[in-house]
Amino acid sequence: MPPDELTNKLPARKRLPGEEGIWIIVLTDLMVFTLFFGMVLYYRALSPEIFSDSRAVLTRALGIANTLLLLTSSLFVALAIQKIRESRFRMASHLLACAIGCGVGFGAIKVTEWADKVAGGHTISSNDFFMMYFVLTGIHFLHLLIGLIVLSAIFAAVLGRARSGSLNTSDRWLSTIEGGGVFWHLVDLLWIVLFALFYLVP
Amino acid sequence: MLDLGSTRRPIVIWAVLVAATVTSFELVGGHLSVTPQLAASFVISIAFVKVRFVGLEFMELRDAPIFLRTLFEAWVVLAAVALVALYRFGPDLF
């Protein structure tokens, strides 16, 4: 049977991508960040004018660029996982490289953005908006770095398979890689809300 | 509906996410005549619609055990409602 017919079938029963552990991490992270999201709006409630004045300082175009970069990186990862399931490792490695490229682009924009704001006199101690902005985008940045390390590890593993020509994959190997993909999508997901709260919300 | 295993599906999802992002941007860009309050509610809601797509499609929760999927969907709705409420009523409360 051609690989496409075999692997494009839906699983017969519900299955969990990745190992259980990654979902503990994901759910915990979502809960913690939900509290953070609430805190942003709490501080906004205390001083809405400071919030909207500070938001105007941010460069919305950079925020959008970053959002599009992460959305695209998630697309690349999703496609890569599909290819890995089809044992198309070389294709997957190209897709992963693109995903990593997007992630690095996000990081580069973020760092220059921070530097630009600090140079403009807006720092973590300027006001509550910037405190939340730097702390939350900072914590998100740590997630991004971890995600990039994870994607790089997956890239290396997949490239190794592509080069060795081996088509064999264990469920465990696949599961670990899926878990890595899920973590990357979490990085994307968290940013979607951060972008809305800091760059868009009036 | 697209075959869940097709390559096209993630691309379509991505296009929807990009369109939602642009829509949010337009809402607060002043190009559409909405009050800031309404714009904020839409922006937060759209953000969580995007979050739901990322979870269901990219994280593949659509195929996951019902318990996990339900947990996620419930969180999406509760978080969105709570944040919109916090935005709207926060200044009156604090």
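Naming convention: chains lettered A, B, ... in sequence-line order (proteins, then strands); numbering from 1 in each chain. Values below: every heavy atom of this structure, side chains too, minus hydrogens, waters and symmetry copies.
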Engineer: Regarding A:R161 and the six-membered ring of A:W173, is the cationic atom NZ or CZ under 6.0 Å from the ring centre and inside 45° of its axis?
Structural biologist: yes
Engineer: When only heavy atoms count and the cut-off is under 4.5 Å, which of residues 50-69 of chain A reach chain B?
Structural biologist: A:R60, A:I64, A:T67, A:L68
Engineer: Heavy-atom cut-off 4.5 Å, strictly under: side chain, backbone, both or neither for B:L61 against chain A?
Structural biologist: side chain
Engineer: So which part of A:S47 gets closer than 4.5 Å to some heavy atom of chain B, the side chain, the backbone, both or neither?
Structural biologist: neither
Engineer: Is the A:F130 ring parallel, tilted or perpendicular to the A:H122 ring (thresholds 30°, 60°)?
Structural biologist: parallel
Engineer: Sort B:L78 into side chain, backbone, both or neither according to what part of it lies under 4.5 angstrom from a heavy atom of chain A.
Structural biologist: neither
Engineer: Work out which heavy atom in A:E113 is nearest to a heavy atom in A:Y199; give both atom names and the distance.
Structural biologist: OE2-OH, 2.5 Å
Engineer: Measuring heavy-atom distances to chain A, does B:L68 have an atom under 4.5 Å in its side chain, in its backbone, in both, or in neither?
Structural biologist: side chain
Engineer: Considering only heavy atoms, give the residues of residues 176-192 of chain A separated from chain B by less than 4.5 Å, sorted numerically, with 'none' for an empty result.
Structural biologist: A:V182, A:H185, A:L186, A:D188, A:L189, A:I192
Engineer: Starting at CG of A:L145, measure out to NE2 of A:H140 and round the result to the nearest 0.5 Å.
Structural biologist: 10.5 Å
Engineer: Side chain from CB out, backbone as N, CA, C, O: work out which of these in B:F89 comes under 4.5 Å of a heavy atom of chain A, or both, or neither.
Structural biologist: neither
Engineer: Identify which part of B:F53 has an atom lying under 4.5 Å from any heavy atom of chain A, answering side chain, backbone, both or neither.
Structural biologist: neither
Engineer: With no hydrogens and no angle check, do the side chains of A:S74 and B:W14 hold a donor and an acceptor under 3.5 Å apart?
Structural biologist: no
Engineer: Between A:K110 and A:T137, do the side chains contain an N or O donor and an N or O acceptor separated by less than 3.5 Å?
Structural biologist: no
Engineer: Going from CG on A:N127 to CG on A:L46, what distance comes out if it is rounded to the nearest 0.5 angstrom?
Structural biologist: 12.0 Å
Engineer: Please evaluate residues A:F33 and A:V193 with respect to the criterion side chain to side chain contact (heavy atoms under 4.5 Å, CB included), reporting the C-alpha separation (whole Å), side-chain torsions for both, the decisive distance (0.1 Å), and the verdict.
Structural biologist: CA-CA 10 Å; A:F33 265 89; A:V193 184; over 6 Å; no
Engineer: What orientation do A:Y133 and A:F129 show, parallel under 30°, tilted 30 to 60°, or perpendicular over 60°?
Structural biologist: parallel
Engineer: To the nearest 0.5 angstrom, please state how far the CG atom of A:L200 sits from the OG1 atom of B:T21.
Structural biologist: 9.0 Å
Engineer: Taking A:S175 for its side chain and A:R172 for its backbone only, find out whether a donor-acceptor pair lies under 3.5 Å.
Structural biologist: no
Engineer: Taking B:P91, B:G90, B:A39 one by one, which has the highest count of heavy-atom pairs under 4.5 Å against chain A?
Structural biologist: B:P91
Engineer: Any donor-acceptor pair under 3.5 Å linking the side chain of A:R15 with the backbone of B:A64?
Structural biologist: no
Engineer: Output the distance between atom CG (A:L30) and atom CG (A:L35), rounded to the nearest 0.5 Å.
Structural biologist: 11.5 Å
